[in-house]
Amino acid sequence: MTVSCVVGVQWGDEGKGKVIDFLTRGVQWVARFQGGANAGHTVVVGGDEFILHLIPSGILHPGVRCVIGNGVVVDPRALLAEIDELGRRGVRVDGRLLVSDRAHVVFPYHKAMDSLAESGAGEGQRLGTTRRGIGPAYADKARRTGVRVADLYDRPVLEACLRFNVRERNALLGSLADPRPPYHEDPDALLEEYRGLAEALRPYVADTVAEVHAAVERGETVLLEGAQGTLLDIDYGTYPYVTSSNTVAGAVCTGLGLPPRAIDRVVGVLKAYSTRVGEGPFPTEEPGGLGEHLRARGGEYGATTGRPRRCGWLDAVSVRHALRLDGVDELVLTKLDVLDEVETVRVCTAYRLGDRRVDHVPAARSDLAAVVPVYEDLPGWRATTDGVERFEDLPREARSYVDFLERLLGCPIGLISVGRRRDQVIVRGARD
Ligand code: GDP
Ligand code: IMO
Ligand code: MG
């Protein structure tokens with residue numbers, strides 16, 4: 001398999017960073033195709049923790065080339081800070097990080113708009129975004145008022161775009177009470193700053209479509225790294241409580257310029273329970289003690305914002321929806337170890353809406369908010385999975401849980417992660 005796409009099949013934070021890092025052995029390229037610095041992908045190597053926001057999680061493997069595709073919205077300040085931080089920690093990206101010249105740029109006014117919408121929005125309208133300017137940057141892309149990486153090098157174009165955008169945002173943001181003091185950006189200062197940032201980024205900027213196509217033609221192995229998760233997809237997620245990009249595997253085609261037939265395999269990353277950070281419906285949420293237990297054991301705090309993640313049971317209805325949309329060939333089950341102490345493991349197998357049983361994710365917001373999960377209970381294993389290297393050595397109930405999920409979801413689980421480190425992965429052998 002030369003081109004594999006790895007996507008989260010829940011609300012993000014499934015452990016994609018760890019899985020990408022694990023799968024990067026023997027791979028030549030890792031590419032991001034959507035999202036921005038809202039992502040926080042954690043990779044633990046030995047005792048060191050790395051949290052990647054814009055740079056693909058394959059970067060920790062020497063020699064691997066990493067691509068930030070045109071579908072990503074790039075905050076140059078955040079990207080340069082990430083490059084510096086990696087450099088300080090001994091990871092050099094020179095010559096192996098490529099940033100698409102067609103990617104849209106995130107500016108401070110995008111972040112200000114994002115924060116304004118969050119702090120100024122009435123109760124029930126707040127989305128709980130990461131405030132990284134993602135929504136406003138994608139909105140500018142769709143409005144055709146965005147600035148692309150290539151435009152940073154064209155002074156008259158950049159100047160005209162910034163003058164228009166800054167004037168508009170100053171008027172809008174300045175007229176509102178929040179954020180205080182009223183927002184005001186100086187277009188000349190912004191122009192000079194971004195000209196400087198553009199120079200610092202110049203060595204990385206490339207026609208990534210040509211580079212990735214050439215790599216595929218040479219038969220090199222490429223991993224496509226999804227950010228967020230399918231239930232945060234702008235079309236198929238729990239709208240409006242979603243991110244502003246398509247997160248499904250199909251977004252590779254528009255976000256990287258690879259045609260549909262180029263994708264050989266889709267790998268879904270599935271956490272053994274559910275989490276979500278930010279607002280929005282979460283039918284299987286456990287706000288009480290069990291949720292707190294999972295948060296504490298699983299370290300469920302946002303890798304980008306530090307916010308506590310909401311925790312609950314695995315929701316097979318929404319995961320089945322995701323598997324279909326992504327065309328998942330194989331699943332990686334992560335964080336199984338977090339359930340080690342749980343007495344009874346619950347899985348939501350269907351929803352109840354009023355007196356109806358529902359097997360799909362409803363589109364209407366009020367229906368989604370009203371669904372009640374139907375659970376199947378399985379015995380917990382109450383034993384440690386720490387150090388387990390072979391599927392056969394997992395506690396019997398843990399194996400039953402994995403088998404149950406495979407049957408329920410109709411998808412093979414090829415890898416099982418039982419800890420944060422690179423080596424804490426069980427590779428499941430072939431089955432009948
Ligand atoms: P991502 O956004 O999908 O890459 O996931 P995050 O990095 O935001 O969150 C996943 C968290 O779980 C990180 O802190 C990982 O180090 C951690 N993690 C990943 N896999 C496992 C696992 O199998 N067990 C445990 N206990 N932690 C894990
Ligand atoms: P990774 O790649 C989890 C959530 C935010 C909010 C909603 C919209 O680490 O899995 P945005 O800033 O994108 O406009 O916020 O989406 N969100 C994530 N949740 N993991 C992420 O990324 C997320 N990126 C955005 O919390 O609910
Ligand atoms: Mg994350």
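Ligands are counted one by one from 1 in listed order, and the atoms in each one are counted from 1 as well. Here the structure is a predicted model, which is why all the values come from computation and not from measurement. Positions are given from 1, in the same order as the sequence printed here.
Counting just the N/O/S atoms of D13, the one with the shortest distance to the Mg ion (ligand 3) is named OD1.
Of the N and O atoms on the side chains of Q228 and Q34, at least one donor lies less than 3.5 Å from an acceptor on the other residue. A donor and an acceptor atom, one from each side chain of D326 and T230, are located under 3.5 Å apart. T275 and D13 share no side-chain donor-acceptor pair at under 3.5 Å. Counting only N and O atoms by type, the side chains of H104 and D140 include no donor and acceptor under 3.5 Å apart. T129 and D114 are linked by a side-chain donor-acceptor pair at a separation below 3.5 angstrom, with hydrogens and angles left out of the test. Using a 3.5 Å distance cut-off with no hydrogens or angles, the side chains of T344 and D377 do not pair a donor with an acceptor. Between the side chains of T243 and N38, a donor-acceptor pair is found at a separation under 3.5 Å.
Residue contacts with ligand 1, taken as heavy atom pairs separated by less than 4.0 Å, involve D337 solely via side-chain atoms from C-beta onward. Looking at Q10 against ligand 1, nothing comes within 4.0 Å, counting heavy atoms. At a heavy-atom distance under 4.0 Å, no atom of Y241 approaches ligand 2. Under 4.0 Å from ligand 2, the heavy atoms of R307 that appear belong solely to its side chain. With a heavy-atom cut-off of 4.0 Å, K18 touches ligand 1 through its side chain alone. Using a 4.0 Å cut-off between heavy atoms, R276 makes no contact with ligand 2 at all. Within the 4.0 Å heavy-atom criterion, the part of L127 lying near ligand 2 is the backbone and not the side chain. The proximity of V338 to ligand 1, defined as any non-hydrogen pair under 4.0 Å, is limited to the side chain.
Distances from atom 5 (O) of ligand 1 to the heavy atoms of G15, G229, G17 show the closest one on G15. Closest to atom 11 (C) of ligand 1 by heavy atom, among K335, H41, R420, is K335. When R309, R297, K16 are checked for heavy-atom proximity to atom 9 (O) of ligand 1, R309 turns out nearest. When the heavy-atom distances from atom 5 (C) of ligand 2 to G229, G278, A39, G128 are ranked, the shortest goes to G128.
For residue G40, an N/O/S atom approaches the Mg ion (ligand 3) to within less than 2.8 Å.
Residue Q228 places a heavy atom less than 4.0 Å from ligand 2. Within the 4.0 Å heavy-atom shell around ligand 1 one finds G419. The shortest separation from a heavy atom of V242 to ligand 2 is under 4.0 Å, placing the residue in contact. Between S244 and ligand 2 there is no heavy-atom distance shorter than 4.0 Å.
Geometrically, ligand 2 and T129 share no nitrogen or oxygen pair separated by less than 3.5 Å. Note: an N/O pair closer than 3.5 Å links V277 and ligand 2 by distance alone. Polar contact check, T243 against ligand 2: a nitrogen or oxygen pair lies under 3.5 Å apart. Considering backbone and side-chain atoms alike, I134 places every N or O at 3.5 Å or more from each N or O of ligand 2. Looking at ligand 2, you won't find any N or O of E14 less than 3.5 Å from one of its N or O atoms.
What sits closest to atom 18 (C) of ligand 2 on the protein, heavy atoms only, is L232 CD1, 3.6 Å. Here the heavy atom of the protein found nearest to atom 3 (C) of ligand 2 is D13 OD2, 3.2 Å. When only non-hydrogen protein atoms are considered, atom 12 (O) of ligand 2 lies nearest to T130 OG1, 2.6 Å.
Atoms SG and CD, from C311 and E285 in turn, are 8.5 Å apart once rounded to the nearest 0.5 Å.
Ion pairing between E300 and K335 holds under the 4.0 Å rule for side-chain N and carboxylate O.
Near A227, meaning under 4.0 Å from any of its heavy atoms, are these atoms of ligand 2: 2 (O). The ligand atoms of ligand 1 that sit less than 4.0 angstrom from a heavy atom of S417 are 20 (N), 21 (C), 22 (C), 23 (O). Within the listing of ligand 1, atoms 1 (P), 2 (O), 4 (O), 6 (P), 7 (O), 8 (O) sit less than 4.0 angstrom from a heavy atom of G40. Proximity to W11 (heavy-atom distance under 4.0 Å) selects the following atoms of ligand 2: 3 (C), 19 (N).
Contact of the V317 side chain with the C348 side chain is registered, since non-hydrogen atoms from C-beta on lie closer than 4.5 Å.
The residue from H53, R32, K18, E225 that alone fulfils the side chain to side chain donor-acceptor pair (under 3.5 Å) condition with H41 is E225.
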